**Q** 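Right, I'll just put the structure down here and ask away after.
Only this structure's heavy atoms are used, side chains among them; waters, hydrogens and symmetry mates stay out. Quick caveat, the model's predicted, so the values are computed rather than measured. Labels below follow one simple rule: chain letters A, B, ... track the order of the sequence lines, proteins then strands, and each chain is numbered from 1.
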Number of protein chains: 2
Amino acid sequence: MTELVRAVYEIETALPLEQAAEVMAGEQSSGTFVAVARETAELKQRHRATVAAIEDLPPSGRPPLPGAAGDWSRARRGRVMIDFPLRNFGPSLPNLLAAVAGNLFELREVGALRLVDLELPDAFAEVYPGPAFGVDGTRKLMDRPDGPMIGTIVKPSVGLSGEELAALVTELAEAGIDFIKDDELQGNPPHLPLAERVAVVTDALKRVADRTGRLPMYAFNITDDISRLASNHDLVRDAGGRCVMICVTTVGLPGLHYLRERCELPIHGHRAMFGALSRSPQLGLDFVAFQKLARLAGADHLHTNGISNKFYETDDQVVASIAAVRAPLFGGYPTLPVLSSGQSPGLAPATYGMVGTADLLVLAGGGIHGHPAGPGAGVRAMRSAWDAALAGEDLDQRAGRDADLATALETFGRR
Amino acid sequence: MTELVRAVYEIETALPLEQAAEVMAGEQSSGTFVAVARETAELKQRHRATVAAIEDLPPSGRPPLPGAAGDWSRARRGRVMIDFPLRNFGPSLPNLLAAVAGNLFELREVGALRLVDLELPDAFAEVYPGPAFGVDGTRKLMDRPDGPMIGTIVKPSVGLSGEELAALVTELAEAGIDFIKDDELQGNPPHLPLAERVAVVTDALKRVADRTGRLPMYAFNITDDISRLASNHDLVRDAGGRCVMICVTTVGLPGLHYLRERCELPIHGHRAMFGALSRSPQLGLDFVAFQKLARLAGADHLHTNGISNKFYETDDQVVASIAAVRAPLFGGYPTLPVLSSGQSPGLAPATYGMVGTADLLVLAGGGIHGHPAGPGAGVRAMRSAWDAALAGEDLDQRAGRDADLATALETFGRR
């Protein structure tokens, strides 16, 4: 049986949908713009991509992307499924992308084209083992068997000295936080190199753990050129660190997979720059497609954005992203969704109501650090708000007997 | 002196341009959505990104990207220059991108945001040596000291057997072609694995060279997961191959740099999937910014698209892309522009007229393979057309004494 990859696109075109879809399938498999020698019927039969289905959608009303052919007043929009024979590229993520997401974004025959989903055959699961830790492994390492995992991002994002960072981390750890991460802007800067940061942070966390018995997971941002990923990871591991983070989009999916092959710690996948591929409704990739690739490549944690975030996505989009990451892939690949951006205690009931699970890593940056009584109070308020949400208790009622929460709600609001 | 990276953006916003620009600078350096502890004036002074200049541009008339804040009937568009202290990330391409092209695409404060250019300090040149061969090294390896380098892409893109590929390559080499490349869709497919393809092609080319004394450069598409790039390269080198190709966007800039560090052959940089980052005028990256990063990361050749191409870009855009790749970077980084997509002999005079140089690698796929008298005639027609263009001879006049060219002009047209 021919193994197939199904790619699902949303397109808008001034041509009949069928015609645009055939151009996409041809461009991305056996065809070019003229018939060529050796392009036999048998070769096409074996290798051509085929249009499996087309569903009409209402036109968007948006002007076309530049260069679109035809009369846009007659634009048609639709969902197009194209099946690619796996034999054209084999189970290789970069070669898969060249086929399902290569030149076709540049076709004149479409005025909008977006890859919204991918269905991949089992051969990919055999090559890409995916998250080594996932939800359960992460819970175990941070000793948080149930309830949401509460975390934060080091703020200010850049510029803290080693002493300041140690003090901050100590305060957060003492307040019982589960998880701390470097900002995506904090890589390996000259003023506080990764090696020094790892030493300072792991030392501070161990000192707290000696007193409290709890060691939060700290995700060190080891994003860098590929040749440094393994040594950056080893540095973290050797110092007793429990997690490494990379920016999946700036390092690339193959870079993530390369790290996965050499990694003994959970990989925290940040999505900085993903917006460049995704914010236009007319172009690029939907998060639903992207997250499958990132999970295959080995992300144990993956940023999904959060409810009422400070960025452009609606709550519906965020809820769909979280659901996508939680949906089994090849029956597994249990990557942990990471909620962040403008998060604060007041969002706990709404988030839990919409998402319906506590298998979440919820990060609040300003929503913890900006607490008037300090980051420690911020952590306690987050935990308290989530406890209330899980117990079905009204937040204001809880705030009546919890000053840190009351202050948080007053400062950051609620919904 | 503070070393700075200058990033140039085109934005559109319902806010005053100054305000949107300040949000961008804050989000991507020291700021978060609330003031936080330890965010001292001195820290901000050292690490904040600063808005260096803003130039007004006329509004685009396009609806905003989703989630844009404010009243879009009052949209302002402008060119915004932001200076980032290098000390925030150091000379590391992935960490640079997290700063200049990270979360900012998701900001509600903008309804369009595009990174159009980057000015990088010398520290990047110290870390990233760039193309090891460039224009001159490529000319030398293909024994083509002047004039355009004429090349083609294996067509059909996928599905040829080893014997068919050998026959095709032999025909092209006998016609005196300078360069042949795998299609970007041809990676390491099960039906003709890279190792077999390398053996078949290098053998066929050597046989022709034994007769003709000319060995064309063949770019083997070694795109794959990172861990296979070095061994794929070694396979090509050991068989006497002269060039390797990767899809820069699907492997990632760090993947390209990783290959560069281990590579003894020119690297042919394909840009498949770049359209996903670039076709929307409201989002993503301009090729001018992208090509600097690809050259730093080590691309000896870089696809720029061609005049009258079958894709969406205008001739003006393509000419600007070619000029960008040819412009010295840190005084050097002489990457060779690669023109392709719908190219044929009839475009030679217009291309030469617009680009004004023959330091080009001009690829015709269908425009060579689709020649009614076969690919060999297609190669001869391309060379003849470019000879005429360089000599200032009218194409029709030349066609009067060159049957292959006459047939090509009749088949593919001219301009």
**Q** Given a strict heavy-atom distance threshold of 4.5 Å, which part of A/Pro372 is in contact with chain B: side chain, backbone, both, or neither?
**A** neither

**Q** So which part of A/Glu261 gets closer than 4.5 Å to some heavy atom of chain B, the side chain, the backbone, both or neither?
**A** side chain

**Q** Considering only NZ, NE, NH1 and NH2 on the basic side and carboxylate oxygens on the acidic side, decide whether A/Arg271 and B/Glu106 come within less than 4.0 Å.
**A** yes

**Q** Checking B/Ser161 against A/Arg38: is there a side-chain donor and acceptor pair closer than 3.5 Å?
**A** no

**Q** Quick check on A/Tyr128 against chain B: is it the side chain, the backbone, both or neither that has a heavy atom closer than 4.5 Å?
**A** side chain

**Q** Under 4.5 Å from any heavy atom of chain A, what part of B/His371 do you find: side chain, backbone, both or neither?
**A** neither

**Q** Between A/Ala68 and chain B, with a heavy-atom cut-off of 4.5 Å, which part of the residue counts as in contact: side chain, backbone, both or neither?
**A** both

**Q** Grab the two heavy atoms, one from A/Glu313 and one from B/Arg108, that are nearest each other, plus how far apart they are.
**A** O-NH2, 3.7 Å

**Q** Evaluate the side chain to side chain contact (heavy atoms under 4.5 Å, CB included) criterion for residues B/Phe89 and A/Leu185: first the C-alpha distance (whole Å), next the side-chain angles of each, then the deciding distance (0.1 Å), finally the verdict.
**A** CA-CA 7 Å; B/Phe89 37 78; A/Leu185 299 175; over 6 Å; no

**Q** Side chains of B/Leu285 and A/Met273: closer than 4.5 Å at any heavy-atom pair?
**A** yes

**Q** With sequence neighbours excluded, what pairs up with B/Arg46 under the salt bridge (charged side-chain N to carboxylate O under 4.0 Å, His left out) test?
**A** B/Glu42

**Q** Pick whichever of B/Thr314, B/Leu93, B/Leu168, B/Ile246 has the most heavy-atom pairs under 4.5 Å with chain A.
**A** B/Leu168

**Q** Contact between A/Ser92 and B/Asn188 at the side-chain level, heavy atoms closer than 4.5 Å - yes or no?
**A** no

**Q** Specify which of A/Val127, A/Asn221, A/Val251, A/Leu104 makes the most heavy-atom pairs with chain B at under 4.5 Å.
**A** A/Val251

**Q** If we only count heavy atoms from C-beta on, is the B/Glu39 to A/His369 side-chain gap below 4.5 Å?
**A** no

**Q** I need the residue from A/Ala112, A/Pro254, A/Ser280 with the largest number of non-hydrogen atom pairs under 4.5 Å to chain B.
**A** A/Pro254

**Q** Counting heavy-atom pairs closer than 4.5 Å to chain A, which one of B/Pro91, B/Gly252, B/Gly102 comes out on top?
**A** B/Gly102

**Q** Tell me, do B/Ser29 and A/Ser157 make a side-chain contact under 4.5 Å, heavy atoms counted?
**A** no

**Q** Under the criterion side chain to side chain contact (heavy atoms under 4.5 Å, CB included), I'd like the reasoning laid out for A/Leu65 against B/Gln282: C-alpha separation, chi angles, the key distance, then a yes or no.
**A** CA-CA 10 Å; A/Leu65 293 175; B/Gln282 300 181 285; over 6 Å; no

**Q** Pick one of side chain, backbone, both or neither for A/Gln45, based on which atoms fall under 4.5 Å of a heavy atom in chain B.
**A** neither

**Q** With respect to chain A, which residue among B/Gly275, B/Pro94, B/Ala272 yields the maximal number of heavy-atom pairs within a distance under 4.5 Å?
**A** B/Pro94

**Q** Quick check on the 6.0 Å ring-centre criterion: do A/Phe105 and B/Tyr312 meet it?
**A** no

**Q** Among A/Arg62, A/Glu164, A/His257, A/Glu184, which has the most heavy-atom pairs under 4.5 Å with chain B?
**A** A/Arg62

**Q** Let's test your reading of the structure: which of A/Gly284, A/Gly374, A/Ala98 forms the most heavy-atom pairs below 4.5 Å with chain B?
**A** A/Ala98

**Q** Is A/Ala167 in contact with chain B via its backbone, its side chain, both, or neither, using a 4.5 Å heavy-atom distance?
**A** both

**Q** Determine, stepwise, if the pair B/Asn103 / A/His270 fulfils side chain to side chain contact (heavy atoms under 4.5 Å, CB included).
**A** CA-CA 10 Å; B/Asn103 285 345; A/His270 197 280; 4.0 Å; yes

**Q** Start with the C-alpha gap between B/Leu107 and A/Phe311, add the side-chain angles, then the distance that decides, and say whether side chain to side chain contact (heavy atoms under 4.5 Å, CB included) holds.
**A** CA-CA 5 Å; B/Leu107 291 173; A/Phe311 295 129; 3.8 Å; yes

**Q** Between B/Asn95 (side chain) and A/Thr223 (backbone), is there a donor-acceptor pair under 3.5 Å?
**A** yes

**Q** Pick from A/Thr40, A/Leu97, A/Ile368: which one has the most heavy-atom pairs with chain B under 4.5 Å?
**A** A/Leu97

**Q** Can you find a pair of side-chain heavy atoms, one from A/Ser227 and one from B/Arg262, that are under 4.5 Å apart?
**A** yes

**Q** Among B/Pro189, B/Pro156, B/Gly187, who wins on heavy-atom pairs under 4.5 Å with chain A?
**A** B/Pro156

**Q** Mind ranking B/Gly90, B/Ala276, B/Pro63 by heavy-atom pairs under 4.5 Å with chain A and telling me who comes out on top?
**A** B/Ala276

**Q** Report yes if the side chains of B/Leu283 and A/Leu283 come closer than 4.5 Å at any heavy-atom pair, otherwise no.
**A** no

**Q** Sort and list the pairs that fulfil salt bridge (Lys or Arg N to Asp or Glu O under 4.0 Å) and have at least one residue in residues 278-287 of chain A, not counting sequence neighbours.
**A** A/Arg114-A/Asp286

**Q** Can you tell which of B/Leu253, B/Asn305, B/Val110 has the highest number of heavy-atom pairs within less than 4.5 Å of chain A?
**A** B/Val110

**Q** Evaluate the side-chain proximity of A/Gln28 to B/Val158: yes if any heavy-atom separation is below 4.5 Å, no if none is.
**A** no

